Enquirer: 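Sharing a structure here in structure tokens format.
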Amino acid sequence: MREDALCLVTGATGYIGGRLAPRLAAAGYRVRCLARNAGRLRDVPWAGDVEVVEGDISRPESLAAAFEGVDVAYYLIHSLGRRGFEKLDREGAVNFARAAAEAGVQRIVYLGGPDPAGRVHSAHLRSRAEVGRILLDSGVPTAVLRAPVIIGSGSASFEMLRYLTERLPVMVTPRWVNNRIQPIAVRDVLRRLIEAASLPPEVNRGFDIAGPDVLTYAEMMQRYAKVAGLPRRVLLPVRALTPWLSSHWVGLVTPVPNAIARPLVESLIHEAVAHENDISDLYPWDPTPFDEAVRLALAKLRDVQVETRWTGAAGRDAAAEPLPTDPAWSGGSVYTDVRSAPVGAPSDALWRVIEGVGGENGWYSFPLAWSVRGWLDTLSGGVGLRRGRRDPHRLYVGEALDFWRVEEIVPGRMLRLRAEMRLPGRAWLEMHSEPGPDGTSTYRQRAVFLPHGLAGHAYWAAVFPFHAVIFGGMARNIARSSLTS
């Protein structure tokens, strides 16, 4: 493949795609990113190095422009955690394959999961394998890279391993912790994805990619503990701990919600070991050992240099309309809570506090109430407060922030968050920094709730008495904190 070939990257708002796109550009390729909402890639550091087009693989009519002139198309989309994800992935792969063939694409590259021997009980792995077969049968030369557990800062698999090991010095463990796994460092996955763009045109097959270490999940936890400087963990095997129970356990202990934990856990009941290493005959390499991959991931976390996180990709059903700025609200009911507070500090000092909300910094009001709301959301299968934030100081449009998602930022002036906790309706929180005279400013805050049915109205009535403490305290404390920021 020529060095200036045009590469189309789907899933660029996700964990792998958000790292692959800038690396392809750095390697000399022209890069086009497909996104349902181009604004989601507006603030990423590499936005100026790529072209962004809007489209959706679930809508075939939106794909023709995205595929025009494309040489290599990367399929990095997976509907993990969504109800009916097998059907969604099947339809998406068919649409993608057809569009690639019609556009004369020279190669498709797909990152899939391991291919366990025998009967596959995991719907997650079955779906990954089915997508791979659809793309291989597309008529376009395709490389399916089958990766097991990916070790890297911000990956769902790494976060699951990290939190289980760090939070539970003594834990009961299911049988699957004794299954063999061949984990791979995220840097090695990205290297293989880039190399696959230049595979010979006659290559149309799958390749196993994996690291050099074959470990059980229990060994991975013990090795992680050693690298992280933690005491050896005590693991107590319990045969009755089913994958369903395990997923709830993982959902409570780690930031990974049940909807994602369950398919990940179900995939771990199968051994994930490479059956071949044929791609190394074409592109020799020295893969990263497990301990080194963990060290690199922890260093990224410590130095606040996490490029992407598993929380980056929003679901297809994430609420986008109506926006809080829509004057008519589509004719529906709307509840608002509006607050303001004078700030005896410049607006840029106020903005630093606004952009730093959430995560370790908290929400500046009644921490117990926020914690309880997070736990209630977790217990109901929601994301809770455990997702935190990627960077303590900087936010991008589209990234997760505790149980919110950043919907819009006007730097220095406005931050709008969209709620992703389980609610009988849709909610937003806006925070504004407005400059005033003589080096002062004003903080303005607006909470907006669009109820869904009677339950939505009842919910607002139930929480309204607490708003003076929660939202009122938040406004006062943000204004006060701005004096020392």
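Every value quoted in this text rests on a predicted model; they were computed, and no experiment measured them.
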Enquirer: Measure the shortest side-chain to side-chain distance between Ile409 and Met414 over non-hydrogen atoms and say whether it is less than 4.5 angstrom.
Expert: no

Enquirer: Within 45° of the axis and under 6.0 Å from the centre of the six-membered ring of Trp285, does NZ or CZ of Arg192 qualify?
Expert: yes

Enquirer: Phe290 and Tyr224: aromatic ring centres closer than 6.0 Å?
Expert: no

Enquirer: Treating Ser441 as the side-chain partner and Ala345 as the backbone partner, does any N or O pair qualify as donor plus acceptor under 3.5 Å?
Expert: yes

Enquirer: Quick test of your reading of the model: are Arg40 and Glu399 salt-bridged, counting only N-O distances below 4.0 Å?
Expert: no

Enquirer: Are side-chain heavy atoms of Asp4 and Tyr29 found at a separation under 4.5 Å?
Expert: no

Enquirer: From Arg233 CZ over to Leu168 CG, what is the distance, rounded to the nearest 0.5 angstrom?
Expert: 8.5 Å

Enquirer: Using atom types as modelled and distance alone, determine if a side-chain donor or acceptor of Asp188 lies under 3.5 Å from a backbone N or O of Pro287.
Expert: no

Enquirer: Under a 4.5 Å cut-off applied to non-hydrogen side-chain atoms, are Asp348 and Arg352 in contact?
Expert: yes

Enquirer: Could you walk me through whether Arg413 and His432 pass the side-chain contact (heavy atoms from CB on, under 4.5 Å) check?
Expert: CA-CA 5 Å; Arg413 295 184 58 189; His432 296 256; over 6 Å; no

Enquirer: Please check if the side chain of Ser433 supplies one atom and the backbone of Ser347 the other of a donor-acceptor pair under 3.5 Å.
Expert: yes

Enquirer: So, Tyr74 side chain and Leu193 main chain: donor-acceptor pair closer than 3.5 Å or not?
Expert: yes

Enquirer: Can you tell me if Asp402 and Trp363 form a side-chain donor-acceptor pair at under 3.5 Å?
Expert: yes

Enquirer: Take Val227 and Arg223 through the test side-chain contact (heavy atoms from CB on, under 4.5 Å) and record every step on the way to the result.
Expert: CA-CA 6 Å; Val227 173; Arg223 296 268 287 267; 5.6 Å; no

Enquirer: State the CE-CG distance between Met431 and Leu350, to the nearest 0.5 angstrom.
Expert: 10.5 Å

Enquirer: Just by modelled atom types, is the Pro411 backbone N or O under 3.5 Å from a matching donor or acceptor in the Trp351 side chain?
Expert: no

Enquirer: Under a 3.5 Å distance rule, please check whether Arg187 uses its side chain to pair with a backbone N or O of Thr288 as donor and acceptor.
Expert: no

Enquirer: Check whether more than 12 heavy atoms from other residues, nucleotides or ligands sit under 6.0 Å from atom CD of Gln305, and answer yes or no.
Expert: yes

Enquirer: Is the shortest side-chain N to carboxylate O distance from Glu54 to Arg59 below 4.0 Å?
Expert: no

Enquirer: Measure the acute angle between the ring planes of Phe471 and His467, then classify it against the limits of 30° and 60° as parallel, tilted or perpendicular.
Expert: perpendicular

Enquirer: Using a distance-only test with no angle check, is there a side-chain donor-acceptor pair under 3.5 angstrom linking Arg19 and Thr308?
Expert: yes

Enquirer: Does Leu450 reach the side chain of Tyr335, with side-chain heavy atoms less than 4.5 Å apart?
Expert: no

Enquirer: Would the distance check show the side chain of Thr10 and the main-chain N or O of Leu76 forming a donor-acceptor pair, the cut-off being under 3.5 Å?
Expert: yes

Enquirer: Does any donor atom in the side chain of Thr440 or Asp438 lie under 3.5 Å from an acceptor atom in the other side chain?
Expert: no

Enquirer: For residues Ile184 and Ile151, determine if any side-chain heavy atom of one lies less than 4.5 Å from a side-chain heavy atom of the other.
Expert: no

Enquirer: Apply the side chain to side chain contact (heavy atoms under 4.5 Å, CB included) test between Leu34 and each candidate in Asp56, Val9, Ile57; give the one that qualifies.
Expert: Ile57

Enquirer: Under a 4.0 Å N-O cut-off, is there an ion pair linking Arg418 with Glu420?
Expert: yes

Enquirer: What do you reckon, is CZ of Arg191 surrounded by more than 12 foreign heavy atoms closer than 6.0 Å?
Expert: yes

Enquirer: Counting only heavy atoms not in Tyr283, do more than 12 sit closer than 6.0 Å to its OH atom?
Expert: yes

Enquirer: Ignoring hydrogens and angles, tell me if any N or O in the side chain of Asp49 forms a donor-acceptor pair with the backbone of Ala25 under 3.5 Å.
Expert: no

Enquirer: Work out which heavy atom in Pro342 is nearest to a heavy atom in Ala479; give both atom names and the distance.
Expert: O-CB, 3.9 Å

Enquirer: For Asp337, is there an ion pair with Arg339 - N to carboxylate O distance below 4.0 angstrom?
Expert: yes

Enquirer: Look only at the side chain of Ser127 and the backbone of Glu86, and say whether a donor-acceptor pair between them is shorter than 3.5 Å.
Expert: no

Enquirer: Could you tell me how the ring of His78 sits relative to the ring of Phe85: parallel (under 30°), tilted (30 to 60°) or perpendicular (over 60°)?
Expert: perpendicular

Enquirer: Do Arg480 and Asn477 get their side chains close enough for a donor-acceptor pair, meaning under 3.5 Å?
Expert: yes

Enquirer: I'd like to know whether CG of Asp286 has more than 12 heavy-atom contacts from other residues, nucleotides or ligands below 6.0 angstrom.
Expert: no

Enquirer: Does a side-chain heavy-atom distance below 4.5 Å link Ile108 with Phe96?
Expert: yes

Enquirer: Yes or no on side-chain contact (heavy atoms from CB on, under 4.5 Å) for Met421 and Trp404, after CA distance, side-chain angles and deciding distance?
Expert: CA-CA 7 Å; Met421 73 282 281; Trp404 305 90; 4.2 Å; yes

Enquirer: Of the options Val44, Val31, Leu41, which is the one that meets Val52 in a side chain to side chain contact (heavy atoms under 4.5 Å, CB included)?
Expert: Leu41

Enquirer: Is a donor on one side and an acceptor on the other found under 3.5 Å between the side chain of Asp43 and the backbone of Val397?
Expert: yes

Enquirer: Contact between Ile354 and Tyr443 at the side-chain level, heavy atoms closer than 4.5 Å - yes or no?
Expert: yes

Enquirer: Under a 4.0 Å threshold between the charged nitrogen and the carboxylate oxygen, would Glu408 count as salt-bridged to Arg42?
Expert: yes

Enquirer: Contact between Arg446 and Leu429 at the side-chain level, heavy atoms closer than 4.5 Å - yes or no?
Expert: no

Enquirer: Would you say that more than 12 heavy atoms from the other residues, nucleotides or ligands in this model lie under 6.0 Å from the NE2 of His452, or not?
Expert: no

Enquirer: Apply side-chain contact (heavy atoms from CB on, under 4.5 Å) to Arg422 and Phe403, showing your working.
Expert: CA-CA 9 Å; Arg422 291 184 178 271; Phe403 48 36; over 6 Å; no

Enquirer: Decide, yes or no, whether a salt bridge links Glu51 with Arg32 under the criterion of side-chain N to carboxylate O below 4.0 Å.
Expert: yes

